[in-house]
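Only heavy atoms go into these numbers, but all of them, side chains included; no hydrogens, no water, no symmetry mates. First listed ligand is number 1; within each ligand, the first listed atom is number 1.
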Amino acid sequence: MGILNITPDSFSDGGKFNEPDTALRRAESMQMEGAEIIDVGGESTRPGSESVSVERELDRVIPIIESLNRNIDVVVSIDTSKPAVMKEALSAGAGMINDVNALRAAGAIVVAADNDVPVCLMHMLGEPRTMQDAPVYDDVVAQVRTYLENRAAACIAGGIDKTKIIVDPGFGFGKKARHNLDLLRNLEQLGGKFPVMAGLSRKSMIGKLLGLPMNRRVHASVALAMIAVKNGASLLRVHDVGPTVDAVRMYEAVYCD
Ligand code: 8Y4
């Protein structure tokens, strides 16, 4: 899954992809590099960020989704927590929902169930504005696993097909570097019967551990992605598609061919 941020303050793309043409070119290049899904997000979920109105988010993402749908043959994922945005995005051609809030908003499960699309349910402790203040866990792996199990059960009870559910530990969302490392090391315990997505790309854990700025985190991101694959991840959410795909292909040569 290649990341296409459409926010003015998006943490790695710096708002460079606001125009539909620029976004389309970026998405095309990620597809050429091997991305099978493009994740379109218009609601910043950076630690400390404020929320965005439905109207603003729709203005940002709908023209992009329509353009991607018309021009390239990839699955478009809508990265949002708002049911109204999910609904409009699916009408505009999105084929998947990626929700850092795990469909907890009122009405979100109904939208996903009615449209019968894959959903990624991510764990987050707290909310984006405050989640990095002082996250504390008794047992981070057990707590994240229980949360994901409960959200998956709620989704199935609400009519979402169990084969459409993907789970994600939410690296960096209310987690210190130590929590992220524990989750990555124990990723195999987190999915249960569901495929696991891992989003580690360029995250602050790398800055913290290696002292690198955002634009120099590619190699460390690929290394973390490989560990995630080795520990059972089925989907990777990344900025640097080409380097990640090369690494995954080498992994497959060793373990899968
Ligand atoms: C620290 C630094 C903490 C950056 C968070 C961030 C994920 C995601 C994002 C993820 C899934 C980001 C939308 C970008 N991360 N969706 N979204 N999994 N499923 N934020 O890990 O890297 S937001």
Trainee: Quick one: does K164's side chain have a donor or acceptor within less than 3.5 Å of a partner on A112's backbone?
Mentor: no
Trainee: For N5, which part has a heavy atom under 4.0 Å from ligand 1: side chain, backbone, both, or neither?
Mentor: neither
Trainee: Is there side-chain contact between V248 and V245, with heavy atoms separated by less than 4.5 Å?
Mentor: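 V248 vs V245: side chains apart.
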Trainee: Give the contacting part of R237 toward ligand 1: side chain, backbone, both or neither, where contact means a heavy-atom distance below 4.0 Å.
Mentor: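 Only the side chain of R237 comes within reach of ligand 1.
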Trainee: Which of the atoms in ligand 1, numbered in the order shown and given with their element, are less than 4.0 Å from a heavy-atom of G172?
Mentor: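 This gives 3 (C) as the contact atoms.
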Trainee: Considering only residues two or more places apart or on different chains, which pairs with a residue in residues 219-231 satisfy side-chain hydrogen bond (donor to acceptor under 3.5 Å, both in side chains)?
Mentor: K230-Y255
Trainee: Taking the inter-plane angle between the rings of H179 and Y137 on a 0 to 90° scale, is it parallel (under 30°), tilted (30 to 60°) or perpendicular (over 60°)?
Mentor: perpendicular
Trainee: Identify, by atom number and element, the atoms of ligand 1 in contact range of G199, meaning under 4.0 Å from any of its heavy atoms.
Mentor: 21 (O)
Trainee: Run the contact test for C120 against ligand 1 with a 4.0 Å cut-off on heavy atoms, strictly below, and give the result.
Mentor: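 It does; at least one heavy atom falls under 4.0 Å.
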Trainee: Using distance alone, decide if ligand 1 has a nitrogen or oxygen within less than 3.5 Å of any nitrogen or oxygen in K203.
Mentor: yes
Trainee: Should R202 and D240 count as an ion pair when the cut-off is N to O under 4.0 Å?
Mentor: yes
Trainee: Identify, by atom number and element, the atoms of ligand 1 in contact range of D79, meaning under 4.0 Å from any of its heavy atoms.
Mentor: 13 (C)
Trainee: Pairs of nitrogen or oxygen atoms closer than 3.5 Å, one from N98 and one from ligand 1: do any exist?
Mentor: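 Min N/O separation from ligand 1 is below 3.5 Å for N98.
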Trainee: Does ligand 1 come near enough to D168 that some N or O of the ligand is less than 3.5 Å from an N or O of the residue?
Mentor: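 Right, the criterion is met.
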Trainee: Taking the basic N atoms (NZ, or NE/NH1/NH2) and the acidic carboxylate oxygens, is any pair closer than 4.0 Å for R56 and D59?
Mentor: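 Looking at R56 and D59, the cut-off is not met.
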Trainee: Between the side chain of K175 and the main-chain N/O of G170, is any donor-acceptor distance below 3.5 Å?
Mentor: yes
